[in-house]
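Below: one structure, written as structure tokens.
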Protein chains: 2
Amino acid sequence: MFSKACEYGIKATIYIASNSHEGKRVSLKGISKHIDSPEAFTAKILQILARENVVNSIRGINGGFEIEESQLEKIQLADIVKAIDGDAIYKGCGIGLKECNEIHPCPIHNDFKIVRNELRNLLETTNLKSLAMDVNSGASFLKV
Amino acid sequence: MFSKACEYGIKATIYIASNSHEGKRVSLKGISKHIDSPEAFTAKILQILARENVVNSIRGINGGFEIEESQLEKIQLADIVKAIDGDAIYKGCGIGLKECNEIHPCPIHNDFKIVRNELRNLLETTNLKSLAMDVNSGASFLKV
DNA sequence: ACTAAATAGGATAAATTTATCCGAATAAAT
DNA sequence: ATTTATTCGGATAAATTTATCCTATTTAGT
């Protein structure tokens, strides 16, 4: 479904969010440890997310990654996915037709539309704050 | 969502089905032409599908691929996807946790479950015959 | 038997994704 | 100023996916 890079990106961002929500900045090392991801590869992904303004990166000693508290409710899962995998997954045709729509549908267009919209809805309406709070309360987990 | 191989596999199988439904056997060449896919790569995918008994392959002159009329209603999209990509896409965790379930959920588990089940339902209840008939009637398309 | 047309399957190449390494840049602390 | 901890970014490597090529095998027709 999502690329590995995107999976790491989602987990990393939620981890950063859950710490930012508690006023803590986290380092790459801490992130990859907590989400169980390869450090250098995770760094690349965080670079992308920082460039796309999903997370803030702070260089130098005591640096790391954080998200402004005020942003936590504004950033949606879709922002992360879009930055890393693009939006084909929740906008494109299920079997890769370039032109696939109501008047020129692929064979699974109508059924797939439902899945895609469900996914799109999930991604576009789930904000970081709620995800972070679930992790903080122990209601959900980022690894294993 | 699906791999390229799986997209080709789905399109190829529907194309074979739509011809089998009309009593016609089709060749690799004809398939890749009609679904707009690389011939040799498509051959590999058809090999897999033949091994998994999704399609029948007939070697030699006048050979090609076909599906028994009686099978058209029995084969579901899920059979194709499972043979090529496996079932992780409609059974696994959205962000790749090995253990992700009600008592140890990832942060998107509950919302993602809906998408996954919708997808699973689509794949497991859509049979080849209905897809083939739509293509034959001009209601849906396999390329562009 | 021979030929021609087709799939099977092994070897390999190209492209993309995933992953690592290392020096540069940055910033705080001493 | 120097040291130290950190991210940035370029280069490269490893793994996987996508794609091609070529020979073997199979089968129908002659």
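Reminder, nothing fancy here: chain letters follow the sequence lines and each chain counts from 1.
- Under the 4.5 Å side-chain heavy-atom criterion for ILVMFWY residues, no single connected hydrophobic cluster contains both B/F141 and B/L77.
- Counting non-hydrogen atoms of other residues, nucleotides and ligands closer than 6.0 Å to NZ of A/K29 gives a total of 12 or fewer.
- Between the CG atom of B/L49 and the C1' atom of C/dG9 there is a distance of 16 Å, given to the nearest Å.
- Between the P atom of C/dT20 and the CD atom of A/E39 lies a distance of 10 Å, rounded to the nearest Å.
- Between B/S27 and C/dA5 there is no side-chain polar atom (N or O) within less than 4.0 angstrom of OP1 or OP2.
- The environment of NZ in B/K33 is sparse: at most 12 heavy-atom neighbours from other residues, nucleotides or ligands sit within 6.0 Å.
- Between B/G64 and A/G60, the residue anchored closer to the 5' end of DNA chain C is B/G64, taking for each the nucleotide with the nearest heavy atom.
- Note: CZ (B/F41) to P (C/dG9) measures 17 Å, nearest angstrom.
- As judged by a 4.0 angstrom heavy-atom cut-off over every strand, A/K44 is placed among the base-contacting residues.
- Residues B/L28 and A/I58 both approach DNA chain C. Their nearest nucleotides, taken by heavy-atom distance, put B/L28 toward the 5′ side.
- Taken from CG in A/N19 to CD1 in A/I14, the straight-line distance is 12.5 Å, to the nearest 0.5 Å.
- Along DNA chain D, the nucleotide nearest to B/R59 and the one nearest to A/L46 differ in position, and the one closer to the 5' end is contacted by A/L46.
- Clustering ILVMFWY residues whenever any of their side-chain heavy atoms sit less than 4.5 angstrom apart, transitively, puts B/I67 in a cluster other than the one holding B/M133.
- Using cut-offs of 30° and 60° for the angle between ring planes, the B/F2 and A/F112 rings count as tilted.
- Using a 4.0 Å heavy-atom cutoff across all strands shown, B/A43 reaches no nucleic acid atom at all.
- Extent of DNA chain D lying under 4.0 Å from chain B heavy atoms, first and last nucleotide in 5' to 3' order, is D/dT18 to D/dA28.
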